[in-house]
Colleague: 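Right, I'll just put the structure down here and ask away after.
Chain identifiers are assigned alphabetically (A, B, ...) following the order of the sequence lines, protein sequences preceding nucleic acid strands; residue numbering begins at 1 within each chain.
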2 protein chains.
Amino acid sequence: MAERAGTSTATVSLVVNGKTAGRVSQSNIDRVLAAVQELGYVVDHTASSLAKGTSNIVILVAPDLSNPFYGRVISGIKAELGNEYQLLLSVTGEGRNPSAADVHRLVALRPAGLLVEAPDDEFLRDLPAGAPLVLLDAPGRETQAPTVNFDLRGGIGALLDHLASQGHTRIGYLDSLTRTETFELRRKLIERGAAERGIDYVAIPEAASLISPEGAAAEFVRYWPRWRDAGVTALVCATDSHAYGVLGAARELGIRVPDTLAVTGFDNLPASAIVSPALTTVELPGEALGRGAVQALQAQRGMTADAVDPVEPAEPRSAADPARLAVPLIGARLIVRASS
Amino acid sequence: MAERAGTSTATVSLVVNGKTAGRVSQSNIDRVLAAVQELGYVVDHTASSLAKGTSNIVILVAPDLSNPFYGRVISGIKAELGNEYQLLLSVTGEGRNPSAADVHRLVALRPAGLLVEAPDDEFLRDLPAGAPLVLLDAPGRETQAPTVNFDLRGGIGALLDHLASQGHTRIGYLDSLTRTETFELRRKLIERGAAERGIDYVAIPEAASLISPEGAAAEFVRYWPRWRDAGVTALVCATDSHAYGVLGAARELGIRVPDTLAVTGFDNLPASAIVSPALTTVELPGEALGRGAVQALQAQRGMTADAVDPVEPAEPRSAADPARLAVPLIGARLIVRASS
DNA sequence: CTGAAAGCGCTTACAG
DNA sequence: CTGAAAGCGCTTACAG
């Protein structure tokens, strides 16, 4: 089409794709560029993808974007992705994981990469081969696909040390209803860490809600009597959103925080510094997670825009198990505020 | 490919697309279906789009998905879209609108529809023709493209009536920094509505922040002295997120809400019922907005999955201006809670 | 009802 | 350095 104002479609293709290095004369480059300007030409992404066998879109699959946490993950991804690739998001309903049908439709787009937040077994099983895949926040799945995780152990250890230093000897845990690995792991690490420190972990497995203040508030109202009667003086919540609900419900019930009950969360959402009392929380750096995921994608397939160095295979840091060592771990750290 | 187990690609195409009505024999249908099962065949979306000239993806372009408001818009869209179409989201950075380059990349995907939240002039100017377009929450742009808006007038009127009935005679407004039409309109309607009711509108145009509690809190701390000295006893905030920040800052400053200062928002986010004091707000039904947008898209191009009725041109309800009447308006209603 | 064939708009060896 | 040509995997008239 654009050849109308230049010469030959092959040349046009080379120019608009910046592959002119010693293959197209300057005069032709100029003519094509001029024509592009005039006609407002833009490469048809669909046709281009078909011909190349892959597109330039990267899809992030996340269960619930209304969680402000994802905002940071997204900006990390976009920052690292640059302009060559385009980020598109696919969301499922609140607390629901994407279905097999969703997955197929996604893969049929031939994405340059699929970034999946907190996948479940079913999703991974249904995933047809073909698209480069990176898992985010999926502890325990490192063997199934390249994964970027948080290093929760350190943050949770610091949290428990802090609670112990405040004199707490019995703690409760308000879980997330979302059945994802990360919450599973949080619970286990808390339970185990408590035991190691001689803290009683008062388990009420039913105490769990979706990631929202309302749901958490309702659960807290329901189970607070049991925690109180069991002598719980500190409640660890699965996310900051859960903690907000607990803070609100505690205020309604006239429970003083942190005097009667200390409350903590995970994430360090922006609002956590300004809720009252300000929330003690284990910070999960979403932006770093997003960046790490893109890097893992790039490592997987020479996806680098400017083909920096010919990807030199990284020297294994140890003889043990290079594959394991390669799993990027994003540090989580404790932030102490007034709620504990 | 899949013909290996059946016969002819044309037949396969007809079957997988469900266009068999009197065109394919039952025995062939069965054979194709069986082959699809066996090989796990899935239509290549890219090639299909190229051949058909359009894809089955609908793209929602929104400035900031971390605002929980969009969660509702998204579920409304998905519910109305059904399974034939796939929703993908494109986000820009916080408070930033998509650029011309973004727009082109989006259109190059040949989306079945482009849903754009709160677009600005530049975006609309750069938008290449081609993709069916619907604007969401873009008052004043009804002439540029099919648009679905909130009917803010009623909700704002009710809000001002309520404030007046509580004895407030001087009000302030904490604006959004995001330069979009909807905020422009909120401000104007408040200013005008106040005048009509004999309420003083104390204008501080600089008092504005991005849609986040932190930003709003900082602005409030900064401008509260001026509002107070001007005799302001009620502060209307551009969104609930702004109001949360004000509530938090007011508590820090020892300002009693609502005794010393009444605070209100817009949106009715889930958390608004549980913040303390609970927030009076003008509810903006995001889900209905999303549904309305998809309906507008479908009306625009026979996008209906099952081709219900041959789109009968709706009878104009009045002789006045059918085009204007066609703009769907989603009602906004006041919800009174303890903060005012 | 069915298959052969053209065409969607690009990209990429390939021969000059 | 440049253009003619094949091919990416589908869909859709078209002729049987």
Colleague: OP1 or OP2 of dC1(C) less than 4.0 angstrom from a side-chain nitrogen or oxygen of N28(B), does that happen here?
Modeller: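 No, no such contact exists.
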Colleague: Which whole-number value in Å describes the distance from N56(A) CG to dC10(C) C1'?
Modeller: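 The distance from CG of N56(A) to C1' of dC10(C) comes to 13 Å, rounded to the nearest Å.
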Colleague: Could you tell me whether the phosphate oxygens of dC10(C), OP1 or OP2, come under 4.0 Å of any side-chain nitrogen or oxygen in T9(A)?
Modeller: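 No.
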Colleague: Report yes if at least one side-chain N or O of K19(B) is closer than 4.0 Å to OP1 or OP2 of dT12(D); otherwise report no.
Modeller: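 Yes, because at least one side-chain N or O of K19(B) sits under 4.0 Å from OP1 or OP2 of dT12(D).
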Colleague: Verify, without hydrogens or angle tests, whether Q86(A) (side chain) and N56(A) (backbone) share a donor-acceptor contact under 3.5 angstrom.
Modeller: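 Here the side-chain-to-backbone pair does not exist.
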Colleague: On DNA chain C, check which nucleotide each of R110(B) and A10(B) is closest to and give me the residue with the more 5' one.
Modeller: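 Taking each residue's closest nucleotide, the earlier one in sequence belongs to A10(B).
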Colleague: Does the side chain of T11(B) get closer than 4.0 angstrom to OP1 or OP2 of dG3(C) through an N or O atom?
Modeller: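 Answer is yes, contact under 4.0 Å.
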Colleague: Roughly, in whole Å, what's the span from CZ in R31(A) to C1' in dC1(D)?
Modeller: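 The answer, rounded to whole Å, is 13 Å.
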Colleague: For L14(B) and dT12(D), what is the distance between atoms CG and C1' respectively, to the nearest whole Å?
Modeller: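 The answer, rounded to whole Å, is 9 Å.
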Colleague: Are T11(A) and R31(A) close enough that some pair of their side-chain heavy atoms sits under 4.5 Å apart?
Modeller: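 When only atoms from C-beta onward are counted, R31(A) and T11(A) do not touch, as no gap falls below 4.5 Å.
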Colleague: Of the listed nucleotides (dT11(D), dG9(D), dT2(C)), which one gets closest to any side-chain atom of R23(B)?
Modeller: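 Output: dT2(C).
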Colleague: If you count heavy atoms of other groups shown closer than 6.0 angstrom to CG of N83(B), is the number above 12?
Modeller: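 Open.
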Colleague: State whether S48(A) places a side-chain N or O below 4.0 Å from either non-bridging phosphate oxygen (OP1 or OP2) of dC10(C).
Modeller: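 For dC10(C), OP1/OP2 do not have a side-chain N/O of S48(A) under 4.0 Å.
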Colleague: Less than 4.0 angstrom between a side-chain N/O of S8(A) and OP1 or OP2 of dG3(D), yes or no?
Modeller: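 Yes, S8(A) has a side-chain N/O under 4.0 Å of OP1/OP2 on dG3(D).
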Colleague: Just the rounded figure in Å: distance from C1' of dG7(C) to CG of L50(B).
Modeller: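 Going from CG in L50(B) over to C1' in dG7(C) covers 9 Å.
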Colleague: Between P on dG9(D) and OH on Y41(B), what's the gap in Å once rounded to a whole number?
Modeller: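 The answer, rounded to whole Å, is 10 Å.
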Colleague: Against I59(B), only a single residue in V107(B), L89(B), L115(B), L109(B) fulfils side-chain contact (heavy atoms from CB on, under 4.5 Å); can you say which?
Modeller: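 Looking at V107(B), L89(B), L115(B), L109(B), the match for I59(B) under the side-chain contact (heavy atoms from CB on, under 4.5 Å) is L109(B).
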Colleague: Would you please confirm or rule out a distance under 4.0 Å between OP1 or OP2 of dC8(C) and any side-chain N or O of T46(A)?
Modeller: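 No, T46(A) has no side-chain N/O under 4.0 Å of OP1/OP2 on dC8(C).
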Colleague: Between P on dC8(C) and NZ on K52(A), what's the gap in Å once rounded to a whole number?
Modeller: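 Roughly 21 Å, once rounded to whole Å.
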Colleague: Counting Watson-Crick and G-U wobble pairs with both distances under 3.5 Å, what is the dot-bracket string for DNA chain C, 5' to 3', using [ ] for crossing pairs and | for pairs to another strand?
Modeller: |||.||||||||.|||
Colleague: Please determine, by modelled atom types, if S25(A) and S27(A) share a side-chain donor-acceptor pair under 3.5 angstrom.
Modeller: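 Note: S25(A) and S27(A) side chains meet the donor-acceptor criterion.
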Colleague: What is the distance, to the nearest angstrom, from the CG atom on D44(A) to the P atom on dC8(C)?
Modeller: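 These atoms are roughly 12 Å apart.
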Colleague: Please check: side-chain N/O of R110(A) versus main-chain N/O of K52(A), any donor-acceptor pairing under 3.5 Å?
Modeller: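 Not a single qualifying donor-acceptor pair exists.
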